[in-house]
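Remarks on the structure that follows.
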Amino acid sequence: MAYARSADLDAHGDPVIADVDEAGSRSWYVDSTPDPTSADGRQRRADVARYLSDRADALAFITRLLSSSSLARRRPQFGCFGLHEWAMVHRVPEGAQRHEDLPLRLSSAETDQVVERENLVCSHIDAFRFFTPTSTPRNVLQPTRGTQVELDNPACLHVGMDLYKWAVKLTPLLPSDLVLDCFEHARETRVLDMEASPYDVRPLGYGVVPIETAAGKAEYVRRQRALADQADLLRTRILEKLPPATA
């Protein structure tokens, strides 16, 4: 991706981002083609060769992960119903939950009962690792970082939100509009994540998806399906931008 080098500087000619060094260079970028639209007549583009050299292992992991978790490669599973957030507060004393500034919709006892009567099938390591000690053994799977490529579910909300994380890590290789689209998708997905959680987010202007009911489960899956389709389009766009040798 290329852009005018002056875009990295403010009105006073000072860097506006952290990775511009004293010489005016950016990590994993090189100054190249003369650009008449730039104040200094230069253009800045991704230094793909250096990125591949410095970040080869990370790039290979991200590529494998995104490829394996596509809808074309893996059948989506829609039976989790967002219970990961509930499992994070199972048997936790009232007021000691992770989001301590948000009240629970149900009482602590009722919240625990939901966890104990439902099937926990979380497959995402960065959700599962926050399960409480009492909810961890209730989960059908015991995901680890080592099994992430094998287990990431195309329908998982966290897998969809992760696209923004991977896009940022791949930023030199991706256009800014794609990174922004991933951010917007993560934000939209987080809304469902919290509306289906045990927390009451109505005071913040959001709704409730009561997954402890049949109607709530149906709404969750309907919105989850739409988000999974959106995520897969973004995943495909990312993979299409990666260097051919790694895709």
Side-chain angles (χ1 to χ4, degrees), residues 58 61-71 73-94 96-102 104-106 108 110-169 182 185-199 201 209-212 216-217 220-221 223-225 227-228 230-232 234-235:
F61 171 76
I62 295 171
T63 302
R64 289 197 309 274
L65 187 66
L66 296 182
S67 298
S68 66
S69 59
S70 69
L71 289 175
R73 295 275 298 275
R74 183 166 294 157
R75 182 178 180 179
Q77 302 297 324
F78 294 98
C80 67
F81 306 122
L83 282 161
H84 54 278
E85 287 286 349
W86 297 70
M88 294 178 195
V89 297
H90 183 250
R91 298 293 178 180
V92 170
E94 189 168 352
Q97 63 268 21
R98 290 189 66 225
H99 303 292
E100 68 280 353
D101 55 332
L102 293 175
L104 297 177
R105 284 196 296 107
L106 309 177
S108 293
E110 291 170 326
T111 300
D112 291 342
Q113 289 170 10
V114 171
V115 175
E116 290 161 12
R117 73 165 181 260
E118 300 286 350
N119 293 322
L120 299 184
V121 293
C122 181
S123 59
H124 194 273
I125 176 57
D126 289 315
F128 178 71
R129 66 192 180 95
F130 291 108
F131 278 33
T132 64
T134 53
S135 63
T136 295
R138 293 179 175 275
N139 200 50
V140 172
L141 300 168
Q142 300 291 302
T144 66
R145 190 67 64 199
T147 59
Q148 187 171 8
V149 172
E150 174 188 347
L151 293 180
D152 264 12
N153 170 20
C156 172
L157 298 192
H158 279 265
V159 169
M161 288 188 285
D162 276 353
L163 293 174
Y164 175 56
K165 174 174 68 176
W166 305 131
V168 169
K169 290 180 179 293
C182 290
H185 177 75
R187 185 181 183 280
E188 181 182 357
T189 303
R190 184 59 170 163
V191 171
L192 175 58
D193 198 28
M194 291 308 293
E195 288 185 339
S197 77
Y199 299 102
V201 293
V209 180
I211 55 88
E212 69 275 18
K217 286 183 172 66
Y220 184 90
V221 172
R223 290 169 62 178
Q224 185 184 24
R225 286 183 182 277
L227 289 168
Q230 293 175 26
D232 208 54
L234 292 170
R235 187 180 292 111

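Quantities reported herein were computed from a predicted structural model and do not represent experimental measurements. Below, all heavy atoms of this structure are taken into account, side chains as well, without hydrogens, waters or symmetry copies.
Here E150 pairs with nothing under the salt bridge (Lys or Arg N to Asp or Glu O under 4.0 Å) rule; sequence neighbours left out. Partners of S70 under the side-chain hydrogen bond (donor to acceptor under 3.5 Å, both in side chains) rule, at least two apart in sequence or in another chain, do not exist in this structure. Scanning for ring-ring contact (aromatic ring centres under 6.0 Å, His included) contacts around Y164 gives F183, with sequence neighbours left out. Residues meeting the side chain to side chain contact (heavy atoms under 4.5 Å, CB included) test with A231, sequence neighbours left out: L163, H185, R235. The side-chain hydrogen bond (donor to acceptor under 3.5 Å, both in side chains) check on T132 picks up T134, S135, with sequence neighbours excluded. Every residue two or more places apart in sequence or in another chain that forms a side chain to side chain contact (heavy atoms under 4.5 Å, CB included) with F130 is listed here: M88, R98. Residues meeting the side-chain hydrogen bond (donor to acceptor under 3.5 Å, both in side chains) test with R190, sequence neighbours left out: E85, D193. Qualifying side-chain hydrogen bond (donor to acceptor under 3.5 Å, both in side chains) partners for R74, counting only residues two or more places apart in sequence or in other chains: none. Checked against side chain to side chain contact (heavy atoms under 4.5 Å, CB included), N139 has the following partners two or more places apart in sequence or in another chain: L120, C122, F128, F131, L141, Q142, P143. Partners of R75 according to the side chain to side chain contact (heavy atoms under 4.5 Å, CB included) rule, which considers only residues two or more places apart in sequence or in another chain, are Q77. Taking D152 as the reference, nothing meets the salt bridge (Lys or Arg N to Asp or Glu O under 4.0 Å) condition, with sequence neighbours excluded.
The stretch residues 131-148 participates, sequence neighbours left out, in these salt bridge (charged side-chain N to carboxylate O under 4.0 Å, His left out) pairs: D126-R145.
Across every non-hydrogen atom of F78 and V221, the tightest pair is O-CG2, 3.6 Å. In this structure, S67 and R73 approach most closely via the heavy-atom pair O-CG, 3.2 Å. Nearest heavy atoms, L83 versus N119: CD1-O, 3.7 Å.
Rounded to the nearest 0.5 angstrom, S68 OG and L151 CG are separated by 9.5 Å. For the atom pair CZ (R64) and OG (S69), the distance works out to 12.0 Å, reported to the nearest 0.5 Å. Once rounded to the nearest 0.5 Å, the distance linking SG of C80 with CD of Q224 reads 4.5 Å. Interatomic distance, CG of D162 versus CD1 of I125, reported as 11.5 Å (0.5 Å rounding). Note: L71 CG to N153 CG = 9.0 Å, rounded to the nearest 0.5 Å. Atom CE of M161 sits about 13.0 Å away from atom SG of C182, to the nearest 0.5 Å.
Remark: side-chain polar atoms of Y220 are not paired, donor with acceptor, to backbone N or O of A196 under 3.5 angstrom.
Annotation: side chain of L106 is in contact with side chain of W86 (closest heavy-atom distance under 4.5 Å). The closest side-chain heavy-atom distance from H124 to Q148 is below 4.5 Å. Put simply, the side chain of K217 reaches to within 4.5 Å of the side chain of E118, judged on heavy atoms.
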Inset, instruction - Tell me, with the steps shown, if E212 and R117 meet side-chain contact (heavy atoms from CB on, under 4.5 Å). - result: CA-CA 10 Å; E212 69 275 18; R117 73 165 181 260; 3.6 Å; yes

Legend entry - side-chain contact (heavy atoms from CB on, under 4.5 Å) assessment of L157 paired with R223: CA-CA 10 Å; L157 298 192; R223 290 169 62 178; over 6 Å; no

